[in-house]
Amino acid sequence: MTVPAAVITCSDTSSRDPDQDRSGPLVVELLVAAGYDDPTLAVVPDNVGDIGVAVSGAVAAGAQLVVCTGGTGLGPRDVTPEAIVALGARPVPGIGEAFRAASRASVPTADLSRTGAWTLERALVIALPGSPGGVRDGWAVLEPLVDHALDMMSGGGHATPPPAALRERAFSEPLRTVGEWVTADHLDPLVITAEVYRSDAGAVVTFEGRVRDHDHDRTVTALTYEGHRQADEVLRRTVAEAAGHPGVLAATARHRVGNLAIGDLAFFVAVAAAHRDEAFAACSWVVDTAKERLPIWKHQTFADGTSEWVNCP
């Protein structure tokens, strides 16, 4: 996709230490996965002036899609919508409402989010929440709408695809069954491990990630994984990289989505290598890298009746 895109992280913390920025790189990753070429990334503090300069600068540089992350809450330093409006941007109310409607069932506080979208000259400017989970939720809803919005802004018509169908598609995502490797099906370690057996393998190392009954001293009673439709492809690419590590002969992995019970197998990795050190190292790399890359997130319910989204696989 040749549409120039820019990502702006609006965060006091990340502007002081860009290494703390999690949402901006995630937006870039999602845009690249959607076919956008080399989106730029900037990090600015939470103030109207800096955000306004970053947004207007991106638009002046030719960006047709500008995605801001952070500053959409109710805190005194949450000023991203105000900074965009101050530029004279025209609101697109339906996009923010689509996000809140899609999130309401799973995130009780979704209606407090000021996520939204505006048009500024020939650019579509979107403000997403600052959490990686909010970014994933927001992009899952907005992605099907963005292409059509940009086409309309360029003078295209309304004929294809119908907005109602796009919204229906958006609300059907994130998906509970993404593919063969990110799946709602039960994971059988023996069957999966058999994929990497080789006569020249001196070591086969496996990892099992299971649903535990607690998190930070709170009792977990239920857990649901949801994944973006790109999750299967991301997991396959990650495993393919591991297969290129020194000494590695074969590798595979699976991740569950959907409703899981305590003790269920959620994530499984198997690596075969000529020697055990190489197998251990590659298996550990797949586990850690998948945790960073996979667009999968979980909703866990606690014994006290509360629940939360956790922005990690």
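When a residue number appears, it is its place in the shown sequence, counting from 1.
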message: Working note: Trp181 + Thr252, criterion side chain to side chain contact (heavy atoms under 4.5 Å, CB included); need CA distance, chi angles, decisive distance, verdict.
response: CA-CA 9 Å; Trp181 283 30; Thr252 192; 3.7 Å; yes
message: Show, in sequence, the C-alpha distance, side-chain angles and deciding distance for Trp118 and Ile95, and conclude whether the side chain to side chain contact (heavy atoms under 4.5 Å, CB included) test is met.
response: CA-CA 9 Å; Trp118 298 259; Ile95 288 183; over 6 Å; no
field: Hydrophobic cluster identity match, Val55 and Tyr36, side-chain contacts under 4.5 Å
entry: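 No; tracing contacts between hydrophobic side chains, which count when under 4.5 Å, never links both residues.
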- prompt: Do NZ/NE/NH1/NH2 and the carboxylate oxygens of Arg218 and Asp304 come within less than 4.0 Å?
  reply: yes
field: Separation of Trp297 CH2 from Tyr225 OH (nearest 0.5 Å)
entry: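 The OH atom of Tyr225 sits 13.5 Å away from the CH2 atom of Trp297.
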message: Checking side-chain contact (heavy atoms from CB on, under 4.5 Å) between Val257 and each of Thr183, Val182, Thr224, which is the one that passes?
response: Val182
task: Would you please name every residue forming a side chain to side chain contact (heavy atoms under 4.5 Å, CB included) with Asp200, sequence neighbours left out?
output: Arg198, Leu249
field: Arg100 side chain to Ser113 backbone, donor-acceptor under 3.5 Å
entry: yes
field: Electrostatic pair Glu241-Arg236, nearest N-O below 4.0 angstrom
entry: no
- request: Indicate yes or no for a side-chain donor-acceptor contact from Thr306 to the backbone of Phe302 under 3.5 Å, with no hydrogens or angles considered.
  value: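 Absent.
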- prompt: For the residue pair Ala63 and Ala123, what are the closest heavy atoms and their distance?
  reply: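 So the minimum-distance heavy-atom pair works out to O-CB, 3.4 Å.
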- prompt: Charged N to carboxylate O under 4.0 angstrom, Arg22 versus Glu292?
  reply: no
message: Hydrophobic clusters here meaning ILVMFWY residues chained together by side-chain heavy-atom distances under 4.5 Å, can you tell me if Leu260 and Val287 are in one?
response: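 Leu260 and Val287: one cluster.
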message: With heavy-atom distances below 4.5 Å as the criterion, would you say the side chains of Val66 and Leu120 are in contact?
response: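 A side-chain contact under 4.5 Å is absent here.
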- prompt: What is the minimum heavy-atom distance between Cys10 and Cys68, and which atoms define it?
  reply: SG-CB, 4.2 Å
Reported NE2-to-CD distance for the pair His299 and Glu226, which is rounded to 0.5 angstrom: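 Between atom NE2 of His299 and atom CD of Glu226 there are 9.0 Å.
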message: Please tell me whether Val28 and Leu142 are part of a single hydrophobic cluster in this structure, the criterion being side-chain heavy atoms less than 4.5 Å apart.
response: yes
message: I'd like to know whether Val125 forms a side chain to side chain contact (heavy atoms under 4.5 Å, CB included) with Thr119, so could you lay out the CA-CA distance, the side-chain angles of the two residues, the decisive distance to 0.1 Å, and finally the verdict.
response: CA-CA 6 Å; Val125 182; Thr119 62; over 6 Å; no
- prompt: Is there a side-chain contact between Leu31 and Val27, using heavy atoms and a 4.5 Å cut-off?
  reply: yes
Pairs flagged by side chain to side chain donor-acceptor pair (under 3.5 Å) wherever residues 61-83 is involved - sequence neighbours left out: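 Those involving residues 61-83 are Asp12-Arg77, Ser23-Thr69, Glu82-Arg114.
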- line: When every non-hydrogen atom of Ala272 is compared with those of Val196, the smallest separation belongs to CB-O, 3.2 Å
query: Can you name the closest pair of heavy atoms from Gly52 and Ala83 and give their distance?
result: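 Closest heavy-atom pair between Gly52 and Ala83: N-CB, 4.1 Å.
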- request: Flag the pair Val135 / Asp137 as yes when at least one side-chain heavy-atom distance between them is below 4.5 Å, and no otherwise.
  value: no
query: For Ser11 and Thr13, does a side-chain donor sit closer than 3.5 Å to a side-chain acceptor?
result: no
query: Say you draw a straight line from CD1 of Ile84 to CZ of Arg90; how long is it, rounded to the nearest 0.5 Å?
result: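 Separation between the atoms: 15.0 Å.
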- prompt: Going by atom types alone, do Ser14 and Arg16 pair a side-chain donor with an acceptor below 3.5 Å?
  reply: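 No - no donor-acceptor pair under 3.5 Å links their side chains.
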field: Single-linkage hydrophobic cluster, 4.5 Å side-chain cutoff, Leu187 and Leu223 together
entry: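 Hydrophobic grouping puts Leu187 apart from Leu223.
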task: Give, for atom OG1 of Thr221 and atom NE2 of His214, the distance between the pair rounded to the nearest 0.5 Å.
output: 14.0 Å
Ser284 side-chain N/O to Phe280 backbone N/O, donor-acceptor pair under 3.5 Å: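 Checking the backbone N and O of Phe280 against the side chain of Ser284, no donor-acceptor pair under 3.5 Å is found.
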- request: Of all the heavy-atom pairs spanning Val7 and Pro39, show the shortest one and how long it is.
  value: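 Nearest pair, atom of Val7 first, then Pro39: CG2-CB, 4.3 Å.
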query: Are the side chain of Ser131 and the backbone N or O of Gly134 linked by a donor-acceptor pair below 3.5 Å?
result: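 Here the side-chain-to-backbone pair exists.
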task: Please check if atom CZ in Arg210 has more than 12 non-hydrogen atoms from other residues, nucleotides or ligands closer than 6.0 Å.
output: yes
task: Could you walk me through whether Trp285 and His245 pass the ring-ring contact (aromatic ring centres under 6.0 Å, His included) test, one step at a time?
output: CA-CA 10 Å; Trp285 183 88; His245 286 201; 4.6 Å; yes
- request: Would you check if Leu265 and Arg256 make a side-chain contact, meaning some heavy-atom pair closer than 4.5 Å?
  value: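 Leu265 does not reach Arg256 side chain to side chain.
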query: Can you tell if the side chain of Leu294 reaches within under 4.5 Å of the side chain of His255, non-hydrogen atoms only?
result: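 In short, these two side chains touch, coming nearer than 4.5 Å.
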task: Would you give the length of the straight line joining atom CG of Asp188 to atom CZ of Arg254, rounded to the nearest 0.5 angstrom?
output: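 Taking CG in Asp188 and CZ in Arg254, the distance rounds to 11.0 Å.
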message: Could you measure the distance from the CG atom of Leu41 to the CG atom of Leu26? Nearest 0.5 Å is fine.
response: 11.0 Å
- prompt: Going through the checks in order, is the side chain to side chain contact (heavy atoms under 4.5 Å, CB included) test met by Phe268 and Phe207?
  reply: CA-CA 6 Å; Phe268 185 82; Phe207 168 82; over 6 Å; no
field: Side-chain touch Ile8/Val67, heavy atoms, less than 4.5 angstrom
entry: no
message: So Tyr197 and Thr193, do their side chains get closer than 4.5 Å, heavy atoms only?
response: yes
query: Are Thr115 and Pro129 close enough that some pair of their side-chain heavy atoms sits under 4.5 Å apart?
result: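 Yes - at least one pair of side-chain heavy atoms lies under 4.5 Å apart.
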query: Which pair of non-hydrogen atoms, one from Pro18 and one from Ser15, has the smallest distance, and what is that distance?
result: CD-O, 4.5 Å
query: Any sub-3.5 Å donor-acceptor pair from Glu278's side-chain atoms to His275's backbone N or O?
result: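 Confirmed, Glu278 side chain pairs with His275 backbone.
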field: same_hphob_cluster(Met153, Val3) at 4.5 Å side-chain heavy-atom cutoff
entry: yes
